[in-house]
Protein chains: 2
Amino acid sequence: MEQTLETPDVRGPAEAAAEPRLLASEVIERLRDMIVQGELAPGTKLNERVLCERLRHSRTPVREAIKYLASEGLVELVPNRGAIVTPITAVAVREMFVVMGALEGLAGELACANASDADIAEIRALHYQMLVHHARGELAEYFRYNQQIHLRLVECTGNVTLANTYRALNGHVRRARYMANLSRERWDAAVAEHEEILNALMRRDSVKLQALLRNHLGNKMVVVMEALSKQSTEIM
Amino acid sequence: MEQTLETPDVRGPAEAAAEPRLLASEVIERLRDMIVQGELAPGTKLNERVLCERLRHSRTPVREAIKYLASEGLVELVPNRGAIVTPITAVAVREMFVVMGALEGLAGELACANASDADIAEIRALHYQMLVHHARGELAEYFRYNQQIHLRLVECTGNVTLANTYRALNGHVRRARYMANLSRERWDAAVAEHEEILNALMRRDSVKLQALLRNHLGNKMVVVMEALSKQSTEIM
DNA sequence: ATCGCGTATTATGCATACAAACCAATTTCT
DNA sequence: AGAAATTGGTTTGTATGCATAATACGCGAT
């Protein structure tokens, strides 16, 4: 955009550094990431002015992003007092696991019925990639592929609503950074469970798959709840 | 999902008559109602200027409400082109019913385990109130109590996440105004099913309750899908 | 009459200005 | 001294202005 003499290019705050300006809708994505990644800890008050600086936008799009994420449950709106990052409570996390259990069970059933061979092949590929990182002891990378597998499983059901609902809950739970608390034994066991899950999926054994998924998620919940209780017992 | 929008609603006695100005957070509620009630039909373009007039607010809070509801899935954001009320497609509705089926099943299980006797008593009261309207042939009133019962069931599980997730999906599905298409036979059958559901809940018979709920929801889906296909086959 | 194309109008996206609510610290009154 | 009130500064909530992208319109050509 070429600026004339009269318009001294009144663009938003800063743009001092390179840091390319975010597209509007990217403000939502970026803010969500900041929350899910833990860059903004649970309970943190969202000061609009500060956020504007970090996201390099004016208040209007930032406030809109906050509203969007409030609906998603990642932030809580407090009338006349702005918003805070939704605190993580043990109760809420347990609730989410229970709901995710029902959704994963459904996903297993639908995946056996509807997934294409290509879908399953891709999950298989992700599985082996995950094994690579397990072998190397790369927890963060392992975790990323682990997440991918679970997401692909719900996606390949063909039920978009199911996938979206699952993804939203998963985003919440991920904020509890239980990853670090994974013992070697539990890690190895989780990998073994994934091996079985993959096999059941490849055989399209719906009943078995559902049982495995339920068990796997139950174990995961135990790890998370332990991690939560070791951190502050209260609101995080 | 879980919003902390507590609106104090401290309006003076003065503004009873003259179309009281909406509190800010009420803009969201009002707009949601307009969509769920069908006042804004699926597919409708949301013109900000027009909405501002109807909601008696400036663009900023209205836009924030739109973003909030976009996250809920009730409106779709189209970059540089504003927003439209999310169209209802047969595919999406069927997907939602499948997910709601899993959630209601879970709710039945949890309700049998966790509901207080008072919770069950209240559902029972709602049930009889529903019967009153069925006897009188008052479909709209019947339907309201019907909804209440299903909502109370998921609420009395004690799992807030479950209730919120269910409520969101339910709001979407309600936009398909299948109510009018309920035949007398189906109506009577639905009431009979509710009778059985109530009995299973009172006996806290988890297995039976889950089966009944699943069956009931399946029948409901058939009605809705028929209604959908009778309306425009395409996007509504 | 229909299709293309350039211009006018409108709507959206973003930034900012203004008003009301909130918070904190000091001051005043009991 | 302690409680209540006051006041300055900060933050949120709402309204409005400006720039750009999208749409609608009208004219000319085929």
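Quick note on labels: first sequence line is chain A, next is B, and so on, each numbered from 1. In this text, all values refer to a predicted model and were calculated from it rather than measured experimentally. What you see below is based on every heavy atom in this structure, not just the backbone, and it leaves out hydrogens, waters and symmetry mates.
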Enquirer: Among the nucleotides D:dT11, C:dC14, D:dT23, which one has an atom lying closest to any side-chain atom of B:R81?
Expert: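 The listed nucleotide nearest to B:R81's side chain is D:dT23.
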
Enquirer: So do the side chains of B:V132 and B:E141 get within less than 4.5 Å of each other, counting heavy atoms only?
Expert: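 No, their side chains stay 4.5 Å or more apart.
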
Enquirer: Compare the minimum distances between each of D:dA15, C:dA15, D:dG13 and the side chain of A:R59, then state the nucleotide with the smallest one.
Expert: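 For A:R59, the side-chain atoms sit closest to D:dG13.
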
Enquirer: Could you check whether B:K67 gets within reach of a base, just the sugar-phosphate, or nothing at all, counting any heavy atom under 4.0 Å?
Expert: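 Nothing: the residue B:K67, judged by heavy atoms under 4.0 Å, touches no strand.
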
Enquirer: Could you tell me the separation between the CG atom of B:L46 and the P atom of C:dT10, rounded to a whole number of Å?
Expert: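 From B:L46 CG to C:dT10 P: 20 Å.
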
Enquirer: May I have the distance from A:R63 (atom CZ) to D:dT12 (atom P), rounded to whole angstrom?
Expert: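 Taking atom P of D:dT12 as the reference, CZ of A:R63 is at 8 Å.
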
Enquirer: Let me know, please, whether A:N80 or B:R49 comes out on the 5' side of the other along DNA chain C by nearest nucleotide.
Expert: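 Looking at DNA chain C, the more 5' nearest nucleotide goes with B:R49.
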
Enquirer: From CG of A:N47 over to P of C:dC22, roughly how many Å is that when rounded to an integer?
Expert: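 About 17 Å, once rounded to whole Å.
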
Enquirer: Please check the phosphate of D:dT14 (OP1 and OP2 only) for any side-chain N or O of B:S58 closer than 4.0 Å.
Expert: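 Looking at the OP1 and OP2 atoms of D:dT14, neither is under 4.0 Å from any side-chain N or O of B:S58.
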
Enquirer: Using a strict cut-off of less than 4.0 Å between a Lys/Arg side-chain nitrogen and an Asp/Glu carboxylate oxygen, indicate whether A:E39 and A:R30 qualify as a salt bridge.
Expert: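 Here A:E39 pairs with A:R30 in a salt bridge, since their nearest N and O are under 4.0 Å apart.
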
Enquirer: C:dG13 P sits how many Å from A:E26 CD, rounded?
Expert: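 About 15 Å, once rounded to whole Å.
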
Enquirer: In whole angstrom, what separates A:L77's CG from D:dT12's C1'?
Expert: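 A:L77 atom CG is separated from D:dT12 atom C1' by 12 Å.
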
Enquirer: Please determine, for the side chain of A:E48, which listed nucleotide (D:dT14, D:dG13, C:dA15) has the closest atom?
Expert: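 Within the option list, the nearest is D:dG13.
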
Enquirer: Taking any heavy-atom pair under 4.0 Å as a contact, classify B:I66: base, sugar-phosphate, or nothing.
Expert: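 If one applies the 4.0 Å heavy-atom cut-off, B:I66 turns out to touch nothing in the nucleic acid.
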
Enquirer: Please tell me if A:H57 has a side-chain N or O lying less than 4.0 Å from either OP1 or OP2 of C:dC14.
Expert: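 No, outside the criterion.
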
Enquirer: When B:Y145 is tested against each of B:H150, B:H127, B:H133 for ring pair (Phe, Tyr, Trp, His ring centres under 6.0 Å), which residue passes?
Expert: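 By the ring pair (Phe, Tyr, Trp, His ring centres under 6.0 Å) criterion, B:Y145 pairs with just one of B:H150, B:H127, B:H133: B:H133.
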
Enquirer: Please determine if A:K67 and A:E64 form a salt bridge, counting it only when a charged side-chain N lies under 4.0 Å from a carboxylate O.
Expert: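 Here A:K67 does not pair with A:E64 in a salt bridge, since their nearest N and O are not under 4.0 Å apart.
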
Enquirer: Does D:dT12 have OP1 or OP2 sitting under 4.0 Å from an N or O in the side chain of A:K45?
Expert: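 Checking D:dT12 against A:K45, a side-chain N or O does come within under 4.0 Å of OP1 or OP2.
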
Enquirer: Please lay out, stage by stage, how A:Q148 and A:Q129 fare under the test side chain to side chain contact (heavy atoms under 4.5 Å, CB included).
Expert: CA-CA 11 Å; A:Q148 286 281 325; A:Q129 196 66 46; over 6 Å; no

Enquirer: What is the distance, rounded to the nearest whole Å, between atom CG of B:L51 and atom C1' of C:dT10?
Expert: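 That distance rounds to 16 Å.
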
